[in-house]
> 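Questions regarding the structure given below will be posed in turn.
No experiment lies behind these values; they were computed from the predicted model shown.
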Amino acid sequence: MEEEGRTKVLPKSTMLAILNHCHAKKSKELTCVDYYLAAALDGFNELIRIVDHWLTTEEITVEESKNLKNGLKAGQEYLQTNFGMQLKTHNEVISHCIHHALNDPENDEFTTECDEHLSFCPKCEALTKLLNDMKHRIEKMVSNCDESIEEKYDMEFQEIEVHYAVFNILELKSHIVRSKISEMERAIDLSELDETKAYITLDYAHKLLPTKYRETQKDFFGKEGMSNHITHVQTVEDGESAELSFVHIIKENKQDSTAVIAIIVDVLKILKEKGITSVILRSDNAGCYHSKEVILSLAQISEQSGVKIAKFSFSEPQNGKGNSDRISALVKNKVRRYVRTGKNVCDEYEFFDALTETPGISYTTISVATVTRVEKQTIPTTALRGIASYYLFIPKENGIMVHRAANIGNGKLFKYNKSINKKLLQIPSLQKEKEKSFGKINNEDKWRSGKTRNKAKPTEEECQIFDCPNEGCDETFSSYGDYMRHIVFSGHGKVNRMRDFAAIVYQESVKQQKPVTYNIVQALNSERNVENTLTDETTPEKGWAHRKSKKLPDITKKATEYVRTKFNEGAVDKAKKWKPKAVAAAMKVAKDGDKKPLFKPNEILFAEQIQQLFSKFAALQKKSTNISKANKRKACEELESTLEKEEDDLECEKMDQITRDNRQINVITRARRQEMANQIDAASQSVYEMRNE
């Protein structure tokens, strides 16, 4: 209120009452952040840093610096807030049209005709122009740089950083579009559920580390996690939305497609007994799900389980598997509470005991199982070529229909043939050792979270945190249950944005001290974009939201050898162990014998590339170490065999001097023992002869 120039501030007691219900919290570090968002935010920060550098070197004026930084901050705020809300399947604003963004310009099978686009979004255009302006500025600076070699070198590297930051920002924008259509597809699927259909979300939870109530330092390190798979099922029962969950504790840590197929078969057989005849599968893009083995086995899984798999949908990375994550959080919390009672969770059976201790988890089946593996069929590389670019698979009688994005285009049919078989040799199965199911657990909220007792009772004015993803619906909900009931049964409400629109206009009028009618006209013109005509510069290309590969520098032989040298330094002396970011920084300042830059700007590797090289070198080093140990062991065995035959032959070039000396001592010791034994036998014989005489 003070920033808006309003003098009548709220009374202190009122503000304290507000803080009592909406108290301030300290900002904390974030973990497991969406990597698209993290990369884009780093890109915005990098561009702001570069603008500050330009101002320091007097490449731009203070006014230009201020405009660029304000534009970057406005663009960041727009992408994180309003951009996703404006997206629709068909939109006259071209940058907000999902079909235009995800149509494939090179393949009509993945294309749907769009309505006519009449205008563009000023905010999208402003961000695009700003990013293009920064790229043009740095390119012009590099071309006009007549200063020293070092300054031009810095400019060229700065150009690479600008292009990389812009790429990450635009990828976030594309990611938001793909996430939007993925959620819209999910909402449509949920709205079509009935008592014979189910929607299944699959996800491997983080491996659970063995935990003891009293744990020594020795037990704390070197733990091996226990695999547990979460399967969440949504369906309709007696006209109401119903949820089921399955927690499979697998007695082996191999999380591959074989285990996934076995789990799917087990779940579908249980659902068959409950009257389910058709299911839709959904998972993230992990390799154990998004694989040829799983996709090509869908038809046979349906036949074996008796439940038809209508389709297998893959969510956008970092988005769309919250149902399984919620159950995973309950599992971890249950284990923590179990350990606090003085018990241990060190193996799969104790893990099972922790989850099945009263009270359990509502509508959840928990089991300990082993995957009965079968011989895998070799699948040709030509089968389902380009599978990584497809996110929707629909089994058909004569093949598998694939889509790059849901409900866009007719799709492409991969027909069954010699390379794409309808049936695998065998379907793996689960051997269950223990299993227990729970129904409704009363007062479950008491143990779900230790902070439940501190939460205020919900009121009519509480914050609405779940928004309906369907376009044309403005309904919001404070609980997940209400949200799900709306998705499944409701007509998704009617759009009524005039109240929010009027509030925004009023705030702008107060801030600008202008009549409300003036701001309404300005806002309507901005919202409708009536006079914003399309041009070549403002028109995004068809299919701009599809995933693009990162344009990283090529890994040259010289760069590989430099990274290998740094890796070897750390292998010899752990105190000098290099980190990828430190190596990337060292490459920028590395000089040759003539004190010139060792690498060109386009040869300097990024930290992620260096990390890949480090992993490669470590694997090769481990392999060579194992080979050398095997060779040494073999040499020792050969030497020992030789010494047994010829004890005087101690020559072995493959063994070190210490080993040869030890072997010689052993031979001498054995010889002395044999001599002493002979003397004892001779003495015994003489005593025996004397007694006989």
> Any Lys/Arg nitrogen of D189 or R282 sitting under 4.0 Å from an Asp/Glu carboxylate oxygen of the other?
no

> According to salt bridge (Lys or Arg N to Asp or Glu O under 4.0 Å), who are the partners of E237, at least two apart in sequence or on a separate chain?
none

> Before giving the answer on side-chain contact (heavy atoms from CB on, under 4.5 Å), spell out for T196 and V236 the whole-Å C-alpha distance, their side-chain angles and the decisive distance to 0.1 Å.
CA-CA 8 Å; T196 63; V236 175; over 6 Å; no

> Side-chain donor-acceptor pair under 3.5 Å between E350 and N344, yes or no?
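Not at all, the side chains of E350 and N344 share no donor-acceptor pair under 3.5 Å.
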
> Which pair of heavy atoms, one from K207 and one from G225, lies closest together, and at what distance?
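Looking at all heavy atoms of both residues, the shortest contact is CB-CA, 3.9 Å.
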
> Would you name the heavy atoms of I387 and K292 that are closest together and state the gap between them?
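Reported closest heavy-atom pair: CD1-N, 3.8 Å.
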
> Quick one: does any side-chain atom of T372 pair with a main-chain N or O of L430 as donor and acceptor, under 3.5 Å?
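Pair absent, no side-chain N/O of T372 close to backbone of L430.
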
> For H229, give me all partners under side-chain hydrogen bond (donor to acceptor under 3.5 Å, both in side chains), at least two apart in sequence or on another chain.
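Scan of H229 (side-chain hydrogen bond (donor to acceptor under 3.5 Å, both in side chains), adjacent residues dropped) gives T231, Y289.
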
> Do F438 and I366 have side chains that approach each other closer than 4.5 Å (heavy atoms only, starting at C-beta)?
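In short, these two side chains touch, coming nearer than 4.5 Å.
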
> Would you name the heavy atoms of K436 and T356 that are closest together and state the gap between them?
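For K436 and T356, the tightest heavy-atom pair comes out as NZ-O, 3.6 Å.
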
> With a 4.5 Å heavy-atom cut-off, do I169 and L79 have their side chains touching?
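Contact flag for I169/L79 side chains = yes.
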
> Distance under 6.0 Å and angle within 45° of the ring axis: does R178 meet both against Y36?
yes

> Report yes if the side chains of V265 and I427 come closer than 4.5 Å at any heavy-atom pair, otherwise no.
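Answer yes - side chains close enough.
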
> Between atom CZ of F110 and atom OG of S389, what is the distance when rounded to the nearest 0.5 Å?
7.0 Å

> Ignoring hydrogens and geometry, is there a side-chain-to-backbone donor-acceptor pair from N285 to E316 under 3.5 Å?
no

> Go through the structure and list residues passing side chain to side chain contact (heavy atoms under 4.5 Å, CB included) with E77, not counting sequence neighbours.
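By the side chain to side chain contact (heavy atoms under 4.5 Å, CB included) rule, E77 matches T81.
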
> Could you tell me which non-hydrogen atom of S324 sits nearest to which non-hydrogen atom of D203, and how far apart they are?
CB-CB, 3.6 Å

> Taking all heavy atoms of Y204 and all of N228, pick out the closest pair and write down the distance.
CD2-O, 3.8 Å

> Quick one: do the S227 and E252 side chains pair a donor with an acceptor below 3.5 Å?
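On atom types as modelled, these side chains do not qualify, holding no pair under 3.5 Å.
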
> With a 6.0 Å cut-off (strictly less than), is the heavy-atom count around OH of Y35, excluding the residue itself, greater than 12?
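Yes, enclosed.
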
> First locate atom OG of S241, then atom CG of L190, and finally report the distance between them rounded to the nearest 0.5 Å.
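It is 8.0 Å, given to the nearest 0.5 Å.
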
> Out of I276, L271, T364, T365, which one pairs with L244 under the side chain to side chain contact (heavy atoms under 4.5 Å, CB included) rule?
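One option only clears the test, and that one is L271.
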
> Just verifying a value: how many Å separate I301 CD1 and K269 NZ, rounded to the nearest 0.5 Å?
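Going from CD1 on I301 over to NZ on K269, the span is 11.0 Å.
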
> Output yes when E303 and K308 qualify as a salt bridge under the 4.0 Å nitrogen-oxygen rule, no when they do not.
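No salt bridge links E303 with K308.
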
> Check the pair L268, I200 against side-chain contact (heavy atoms from CB on, under 4.5 Å), reporting the backbone distance first and the verdict last.
CA-CA 10 Å; L268 293 186; I200 301 177; 3.9 Å; yes

> Quick one, L37 and Q80 - any side-chain contact, counting heavy atoms below 4.5 Å?
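Yes; the side chains approach each other to less than 4.5 Å.
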
> Hey, are D256 and R373 close enough for a salt bridge, meaning a charged N less than 4.0 Å from a carboxylate O?
yes

> CG of N323 to OG of S328: how many Å apart, nearest 0.5 Å?
12.5 Å

> State which residues pass side chain to side chain contact (heavy atoms under 4.5 Å, CB included) with K251; sequence neighbours excluded, sorted by chain then number.
E348, Y349, V368, T370, E433

> Is the H290-F393 ring centre distance short of 6.0 angstrom?
yes

> How long is the span from the CG atom in D266 to the CD1 atom in I263, to the nearest 0.5 Å?
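Rounded to the nearest 0.5 Å, the CG-CD1 separation comes to 8.5 Å.
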
> Look only at the side chain of N103 and the backbone of G543, and say whether a donor-acceptor pair between them is shorter than 3.5 Å.
no

> Taking the side chain as C-beta and beyond, is there a heavy-atom pair between K274 and T235 under 4.5 Å?
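The answer is no, as the side chains (C-beta and beyond) never meet within the 4.5 Å cut-off.
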
> Answer yes or no: is there a donor N or O on one side and an acceptor on the other, between the side chain of T112 and the main chain of G409, under 3.5 Å?
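The answer is yes, because a donor-acceptor pair under 3.5 Å joins these two groups.
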
> Checking D347 now: which residues fulfil salt bridge (Lys or Arg N to Asp or Glu O under 4.0 Å) with it, not counting sequence neighbours?
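So D347 forms no salt bridge (Lys or Arg N to Asp or Glu O under 4.0 Å) with any residue.
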
> Taking only residues two or more places apart in sequence or in another chain, which ones pass side chain to side chain contact (heavy atoms under 4.5 Å, CB included) with L170?
L131, V166

> For N407, which residues count as a side chain to side chain contact (heavy atoms under 4.5 Å, CB included) partner, sequence neighbours excluded?
I188

> Are the side chains of V233 and F246 in touch, meaning some heavy atoms are under 4.5 Å apart?
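SC-SC contact between V233 and F246 confirmed.
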
> Do L202 and D284 touch side chain to side chain, with heavy atoms closer than 4.5 Å?
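Not in contact.
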
> Checking N333 side chain against A329 main chain: does a donor-acceptor pair fall under 3.5 Å?
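Between the backbone of A329 and the side chain of N333 there is no qualifying donor-acceptor contact (under 3.5 Å).
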
> Just to verify, what does E215 make a salt bridge (Lys or Arg N to Asp or Glu O under 4.0 Å) with, not counting sequence neighbours?
K223

> Could you go through S283 and F312, starting from their C-alpha distance and side-chain angles, then the distance that decides it, and tell me whether this counts as side-chain contact (heavy atoms from CB on, under 4.5 Å)?
CA-CA 8 Å; S283 73; F312 199 141; 3.4 Å; yes

> According to side-chain hydrogen bond (donor to acceptor under 3.5 Å, both in side chains), who are the partners of E435, at least two apart in sequence or on a separate chain?
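side-chain hydrogen bond (donor to acceptor under 3.5 Å, both in side chains) list for E435, sorted by chain: K432.
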
> Between T89 and H99, is the side-chain contact (heavy atoms from CB on, under 4.5 Å) condition met? List the steps.
CA-CA 6 Å; T89 53; H99 280 183; 4.1 Å; yes

> I'd like to check the side-chain hydrogen bond (donor to acceptor under 3.5 Å, both in side chains) partners of Q304; sequence neighbours left out, ordered by chain and number.
none

> Taking salt bridge (Lys or Arg N to Asp or Glu O under 4.0 Å) as the test, write out the residues that go with D42, two or more places apart.
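Testing D42 for salt bridge (Lys or Arg N to Asp or Glu O under 4.0 Å), a comparison that skips the adjacent residues, returns none.
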
> Not counting sequence neighbours, which residues clear side-chain hydrogen bond (donor to acceptor under 3.5 Å, both in side chains) with T216? List them please.
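Counting only residues at least two positions away or on another chain, T216 forms a side-chain hydrogen bond (donor to acceptor under 3.5 Å, both in side chains) with D219.
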
> Please find the pair of heavy atoms, one from F414 and one from V402, that lie closest to each other, and give the distance.
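Distance-wise, the nearest heavy atoms are CE1-CG2, 3.6 Å.
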
> So do the side chains of K332 and R336 get within less than 4.5 Å of each other, counting heavy atoms only?
yes

> Could you give the distance from NZ (K311) to NE2 (H403), rounded to the nearest 0.5 Å?
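Here the rounded value is 8.5 Å.
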
> Whether the H546 and D104 side chains hold a donor-acceptor pair (N or O, under 3.5 Å, no angle test) is what I'd like checked.
no

